[in-house]
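In the text below, chain A, chain B and the rest are named by the order of the sequence lines, each starting its count at 1.
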Amino acid sequence: MNESPAIAAVCIDQPLPQLDRLFDYLIPEDMAAQVKPGCRVRVRFGRRKVSGFVIAVKPSTDFTGKLLWISDLVSPEPVVTAEVAALARAVADRYAGTLTDVLRLAVPERRVRVEAENRSEPLPVAAPIDGDWKRYIAGEAFLRALRETKSPKAVWNALAGEDWPARLAEAAAATASAGRGAVLVVPDQADLDRLDAALEAILGPDRHVTLSAQLGPTKRYRSFLKAARGEVRIVAGTRAAAFAPVADLGLVAIWDDGDESHVDRHAPYPHAREVVLTRANLSGAACLVGGYGRTPQAQLLVETEWAVSMVASRDEIRSATPRIVPVGDESDLERDPSGGTARLPTVAWEAARAALAKHQPVLVQVPRRGYVPAVSCQRCRTRAACPNCSGPLRLLGARRAPVCGWCGVVAEDFRCAECGGTRVRAIVIGAERTAEELAQAFPDTQVVESTGVNRLDAAPQGAAVVVATPGVEPPAQGGYGAVLLLDTWALLTRAELTASEEALRRWMNAVALARHDGTAVVVADGGLAVVQALIRWDPAWFALQELEDRSELGFPPVMRFAALTGPNGEAEKLAADLPADLGAEAIGPIPVDEHTERLLLRVRRRDGAALASTLAKATAERAGSKAEPVRIQIDPREIA
DNA sequence: AGCACGCCGACT
DNA sequence: GTCGGCGTGCTC
């Protein structure tokens, strides 16, 4: 009895767009028992041997040529589940990228020894009490739905001071108690550490794993395999964890989807929020998009009734939110070039002093790290440039000569290129100088700094001042007595389309760390909508405004963009070949450098899929005919 | 990407 | 007559 061999459809580990399809191979008799969908194999491809993932096993092929045999079984471990394969394909399509590129993100590097480790049985997870979800309208109903294996979808705005890791852990526990799995995605390792602790506390030991690059390859693969083998049902991690191979998925959640860490840095640059939404759609899982703030993208989910808006009642918001006071920017750097305490308006000063008097820590958010990261000519205010390379000059300490931020040259004898002035004044004050000023203002108080390069995990206990840049504010035990948001103009005047939205997100993330009976002072015009949204703790209102503004202007997420970057003329050539019925509107091109330019394409949202697939096809054809490559980016960060 | 096949100029 | 240019085209 000579049964014909089964056929494996293999995704070849080659990133070329023209090879972005599956290739069929015969499965040798002696591998037949082990070659299963999701496992790694090596196959001959052209002249060379390459590795790949078996995406499907089937009895026959459509291929009319001569099939080759699989060369080797690398590992029988099924690391790409059918669900993840479909997800990766969808994400590749959405972003005009290749399956291989997305699988490289989804599946961590193999560690042979980890595969030999013992397996364990999944431990049961108890259904949680509703926790503090009852503070949100429909919060308890959401958790109940998870316990009943339904698939609710919500855009959740957390109250100030909310223990969001605990809430996410409760949602995961509710899902797992019903026998389904959960995937929780957070922006960075610090958030993941907090979520990890909350999961451990609420679920008990060994019910979950964390997944992030920071674990290192071995631990990462171990976590990944525990999920793939069904030893745990709950995975928490950073952006790549959105692809975690959790079986029988019941919930996908993402925290703080406005954080740009959620965007992968490798082609095709998928956003974890889009991965999570796609996954919920494909697998029928529940979905939770949570944060203190709200992105226009999340608001769109509410507007289209894909998700419900889950917020607390006004009463709950009032009692949870600290007093938030806007105060106009009184600081005048020119009037007081020595700095001193001129930057702290009286209200801010008093709020800080009151908190310290109660032995409560104070958080001061400043937009930039360093001492004085930007200076200008004292006389004519022209931005001070390096005499050597024209880079931006900055100050590294008190009474020290300006230093170039690019080439490091010390400008001992600064001379303004415009007016010949020899003195500089600060344009921006960094965290270091702010800490120095505050140490002078509060001589008996500990002043510490937390910045991207030197991050603090937790605020000191008791009376202390923490000066932090956005995104790295350490939580304080019991909350901060005061939160001061300084130099807000630097956030609000950024050129990006998302400047206001991003400012609100950063402010809310900082103010959320305050005690409910504390005070937050925002040094900004209280008449601005973005400041109003902060004071009222109403990011949904602001997100809706943003969404409407962007709709009028034809910006994302209502319109979908693609950025085409390539050698001069090539992007336009590619765009010219697009079918007219796509209705793609070209914007630009603008020069990137002497040889490169960048063209934006805009289509209606519902034509986004067609645009991506057309671009993918065009890219494949161009690569096939050895044309200069044009980089495609869907929803480029600077636009979206 | 590699590496084939494939049809036109100057060389043993 | 042959060696070799790199222009399309395929890789299960």
Whether A:His262 side chain and A:Ile254 backbone form a donor-acceptor pair below 3.5 Å: no
Side chain proximity check, A:Glu115 to A:Ser75, heavy atoms < 4.5 angstrom: yes
Touch class at under 4.0 angstrom, heavy-atom based, for A:Leu68 against every strand present: sugar-phosphate
A:Thr451 side chain to A:Asn454 side chain, donor-acceptor N/O pair below 3.5 angstrom: no
Flag for A:Asp196-A:Thr210: side-chain donor and acceptor within less than 3.5 Å: no
Interatomic distance where CG belongs to A:Leu19 and P belongs to B:dC3 [whole Å]: 14 Å
Sub-3.5 Å pairs of nitrogen or oxygen atoms, protein against nucleotides 4-9 of chain C:
none

Of residues 43-59 of chain A, the positions that come close to DNA chain B - non-hydrogen atoms, cut-off under 4.0 Å: A:Arg47, A:Arg48
Close aromatic pair by centroid cut-off 6.0 Å: A:Tyr95 and A:Tyr269: no
Atom pair distance, as rounded to whole Å: CD in A:Gln14 and P in C:dC12: 12 Å
Sugar-phosphate, base or nothing in reach of A:Gln18, heavy atoms under 4.0 Å: base
Face-to-face stacking of A:Phe23 with C:dC12, centres under 5.5 angstrom, angle under 30°: no
Strand-adjacent residues in residues 24-33 of chain A, judged by heavy atoms under 4.0 Å from DNA chain C: A:Asp24, A:Tyr25
Expected output: side-chain A:Arg180 to main-chain A:Lys150 donor-acceptor under 3.5 Å: yes
Flag for A:Arg113-A:Tyr221: side-chain donor and acceptor within less than 3.5 Å: no
